[in-house]
**Q** 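Submitted below is the structure of interest, expressed as structure tokens.
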There are 2 protein chains.
Amino acid sequence: MATGRTHRPATRSRGIPEATVARLPLYLRALTALSERSVPTVSSEELAAAAGVNSAKLRKDFSYLGSYGTRGVGYDVEYLVYQISRELGLTQDWPVVIVGIGNLGAALANYGGFASRGFRVAALIDADPAMAGKPVAGMAVQHTDELEKIIDDNGVSIGVIATPAGAAQQVCDRLVAAGVTSILNFAPTVLSVPDGVDVRKVDLSIELQILAFHEQRKAGEGAIEAAEGAVGVEGPAAKVTKPAAGGGTHRKGPDGDVPAVMPA
Amino acid sequence: MATGRTHRPATRSRGIPEATVARLPLYLRALTALSERSVPTVSSEELAAAAGVNSAKLRKDFSYLGSYGTRGVGYDVEYLVYQISRELGLTQDWPVVIVGIGNLGAALANYGGFASRGFRVAALIDADPAMAGKPVAGMAVQHTDELEKIIDDNGVSIGVIATPAGAAQQVCDRLVAAGVTSILNFAPTVLSVPDGVDVRKVDLSIELQILAFHEQRKAGEGAIEAAEGAVGVEGPAAKVTKPAAGGGTHRKGPDGDVPAVMPA
DNA sequence: TCATGTGAACAGATTCACAGCG
DNA sequence: CGCTGTGAATCTGTTCACATGA
């Protein structure tokens with residue numbers, strides 16, 4: 001889901017639903033593990049368990065790729081690894097650049113999963129002149145001035161942004177102008193890009209906030225019903241048409257009328 | 001999307017659809033920015049643009065929280081910030097532990113977005129005895145032996161796993177046994193957890209693979225039709241019932257019969 | 001006989017379009 | 001009049017359940 005703004009339907013490219021595409025890497029990982037253990041075939045049931053999905057979904061997913069299984073038997077591991085790899089475009093080499101070599105950028109550069117599976121870190125780029133030339137993950141960091149040249153020389157079409165939020169849009173614009181058409185954004189900002197450019201974002205604080213939401217709910221559990229009935233903890237129930245106290249238009253908060261504004 | 005295995009329906013908790021919950025942090029961020037610029041109100045149109053969604057979706061999302069807007073005017077920024085914060089459970093403090101202080105763990109520890117918005121790093125934990133006591137992000141790293149005690153003493157319910165894949169499940173088990181009920185997993189593995197525990201995963205290589213899929217498609221463009229017709233690039237068309245060459249059962253690959261197995 | 005592959009039923013999310021209210 | 005709030009239509013994704021074929 002993280003395909004960012006401005007670029008839309010992105011619907012099923014050549015018939016494969018987006019949700020399925022997002023699961024293919026999961027299957028591929030599970031299959032690779034099986035392959036390493038020289039397991040020749042798997043059933044949808046086994047593979048689904050390894051990938052953490054249910055088997056009906058997995059079979060449906062695979063059905064979009066074609067009929068690659070054998071009824072009564074299962075799927076040939078090696079063959080599926082190949083098919084999924086090809087479908088994902090991993091049989092070719094994808095040079096990527098990482099822009100912003102701070103803590104996170106360095107972590108990404110060192111991340112092994114990057115190098116495997118068809119991705120190759122073509123360059124590490126940072127705006128800080130003091131970083132230029134410094135070795136990170138066995139590679140010399142290059143200055144932002146070189147960005148366009150690097151993209152061009154290496155035929156880079158995928159860029160990773162690991163800069164502070166403030167710099168992200170500007171970096172993004174330069175990447176796109178230089179020919180990058182897919183961006184993985186770690187900066188906590190919404191990027192705008194022209195049509196035809198894909199953006200996916202990875203956002204730590206968003207993930208945490210989603211967890212907090214569910215966590216909060218767990219704590220409440222049975223108390224919720226009671227509280228809602230009694231105090232009217234928001235929801236349509238709290239739709240007080242006229243504010244009970246305080247002259248303003250709004251301020252219909254359930255636990256006290258004045259919002260306790262969050263710290264920045 | 002990312003709610004991990006074993007725990008499922010997870011559907012709408014108390015009426016708010018999961019998809020909406022996932023966008024609330026986005027709105028909150030945009031609203032916080034407006035708040036800092038002292039903007040008093042926003043229309044759904046403006047806010048949607050800032051958050052990178054469309055306005056109908058945003059209005060629908062907000063409608064699940066209650067009727068917090070004013071027709072003909074828009075939404076009160078401060079008020080919405082408060083409502084969303086409360087809905088997400090950010091008006092309380094969430095102590096989190098980060099397990100695995102490698103490159104990534106250190107990056108996370110240093111990540112500012114952590115500290116803001118209700119999350120507090122209660123401890124950094126690593127299995128390497130050599131790391132113990134070392135300062136990272138102004139905090140002394142503690143040894144895994146202390147894990148249970150730390151969780152308990154600090155009332156931690158959210159854990160972040162940034163260990164290598166091999167250690168993740170084991171760490172996860174210990175976190176859960178110690179009382180953690182929400183986990184953010186950066187290790188490239190499927191975690192199994194008992195019912196009632198939420199897992200969200202952030203997986204760099206999966207994101208890249210999804211980008212590669214779309215990237216590949218862009219490159220192909222009009223050529224796809226032709227190629228499929230001519231060579232029979234898989235799809236139902238490639239459903240060769242009997243392998244053309246090579247004795248095996250499968251191996252129906254389009255560009256060469258032997259799968260070019262990926263490197264690990 | 002067994003597990004795949006898939007139509008059909010269902011569920012969830014998005015978009016449309018407009019009634020309703022400030 | 002302008003913008004929110006929301007039913008209804010649509011679209012996407014998931015699950016069911018079973019016919020099909022190795």
Side-chain angles (χ1 to χ4, degrees), chain A residues 1 3 5 8-13 15-24 27 41-49 51-76 79-80 83 234-236 238-243 248-250 252, chain B residues 1 3 8-13 15-24 27 41-49 51-76 79-80 83 235-236 238-243 248-250 252:
Chain A
M1 56 190 55
T3 307
R5 150 176 183 46
R8 306 31 334 328
T11 35
R12 41 177 68 191
S13 310
I16 301 180
E18 194 54 35
T20 295
V21 171
R23 281 188 295 266
L24 292 181
Y27 302 144
T41 60
V42 255
S43 66
S44 61
E45 203 69 57
E46 296 165 323
L47 184 53
V53 302
N54 82 38
S55 64
K57 196 186 291 188
L58 178 143
R59 287 200 304 279
K60 182 65 102 180
D61 283 342
F62 285 180
S63 80
Y64 293 117
L65 308 184
S67 299
Y68 292 154
T70 306
R71 290 168 200 245
V73 178
Y75 301 91
D76 180 289
Y79 184 62
L80 249 193
Q83 287 301 338
E234 66 83 283
K239 207 174 166 180
V240 187
T241 344
K242 282 293 171 194
T249 326
H250 282 305
K252 323 151 193 166
Chain B
M1 350 136 222
T3 308
R8 349 28 352 35
T11 35
R12 44 176 67 190
S13 310
I16 301 180
E18 195 52 35
T20 294
V21 171
R23 281 187 295 267
L24 291 181
Y27 301 145
T41 60
V42 253
S43 68
S44 62
E45 203 69 57
E46 295 164 325
L47 184 53
V53 301
N54 81 38
S55 63
K57 196 186 292 187
L58 177 142
R59 287 200 303 279
K60 182 65 101 181
D61 284 341
F62 285 179
S63 80
Y64 293 115
L65 308 184
S67 297
Y68 293 153
T70 306
R71 289 165 199 248
V73 177
Y75 301 91
D76 181 291
Y79 185 62
L80 249 193
Q83 287 301 338
K239 205 175 168 178
V240 188
T241 345
K242 281 294 171 193
T249 326
H250 282 303
K252 324 154 194 165

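Everything numeric here is computed off the predicted structure, so don't read it as measured data. A, B, ... follow the sequence lines: proteins, then strands. Residue 1 opens every chain.
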**Q** Could you tell me whether the side chain of A:Phe62 reaches within less than 4.5 Å of the side chain of A:Leu80, counting heavy atoms only?
**A** yes
**Q** Whole Å only: how far is the CD1 atom of B:Ile16 from the C1' atom of C:dA13?
**A** 15 Å
**Q** Can you tell me how far P of D:dG13 sits from NZ of A:Lys57, to the nearest Å?
**A** 11 Å
**Q** Taking all heavy atoms of B:Ser44 and all of B:Leu58, pick out the closest pair and write down the distance.
**A** CB-CD2, 3.7 Å
**Q** Work out which heavy atom in B:Val42 is nearest to a heavy atom in B:Glu46; give both atom names and the distance.
**A** CA-OE1, 3.4 Å
**Q** Given the side-chain rings of A:Tyr68 and A:Tyr79, with only the six-membered ring counted for Trp, is the space between their centroids under 6.0 Å?
**A** yes
**Q** Between C:dC16 atom P and B:Asn54 atom CG, what is the distance in whole Å?
**A** 7 Å
**Q** A:Glu18 has a side chain; which of C:dA13, C:dT14, D:dG13 sits nearest to it?
**A** D:dG13
**Q** Rounded to the nearest Å, what distance is computed from the CG atom of residue B:Leu47 to the P atom of nucleotide D:dG2?
**A** 21 Å
**Q** What is the distance, to the nearest angstrom, from the CG atom on A:Asp61 to the P atom on C:dG5?
**A** 12 Å
**Q** Please tell me if A:Tyr75 has a side-chain N or O lying less than 4.0 Å from either OP1 or OP2 of C:dG5.
**A** yes
**Q** From the list D:dT14, C:dT14, C:dT4, which nucleotide is the closest neighbour of the side chain of A:Ala19?
**A** D:dT14
**Q** Does D:dT4 have OP1 or OP2 sitting under 4.0 Å from an N or O in the side chain of B:Ser44?
**A** yes
**Q** Does B:Ser43 or A:Thr20 map to a spot on DNA chain D nearer the 5' end, using the closest nucleotide for each?
**A** B:Ser43
**Q** Is there a side-chain contact between B:Arg59 and B:Tyr75 in this structure, where contact means two heavy atoms from C-beta onward sitting under 4.5 Å apart?
**A** yes
**Q** D:dT15 P sits how many Å from A:Glu45 CD, rounded?
**A** 13 Å
**Q** For the pair made of CG in A:Asp76 and P in D:dA22, what is the distance, rounded to whole Å?
**A** 16 Å
**Q** Tabulate atom names and distances for all N/O pairs under 3.5 angstrom spanning the protein and nucleotides 17-21 of chain D.
**A**
{"from": "D:dT20", "atom 1": "O2", "to": "A:Arg71", "atom 2": "NH1", "distance (Å)": "2.3"}

**Q** With sequence neighbours excluded, tell me which residues meet side chain to side chain donor-acceptor pair (under 3.5 Å) with B:Thr41.
**A** none
**Q** List for me each residue that meets side-chain contact (heavy atoms from CB on, under 4.5 Å) alongside B:Thr20, sequence neighbours excluded, and say none if there are none.
**A** B:Ile16, B:Pro17, B:Arg23, B:Leu24, B:Asp61, B:Tyr64
**Q** To the nearest Å, how far apart are B:Lys60 NZ and C:dA13 C1'?
**A** 10 Å
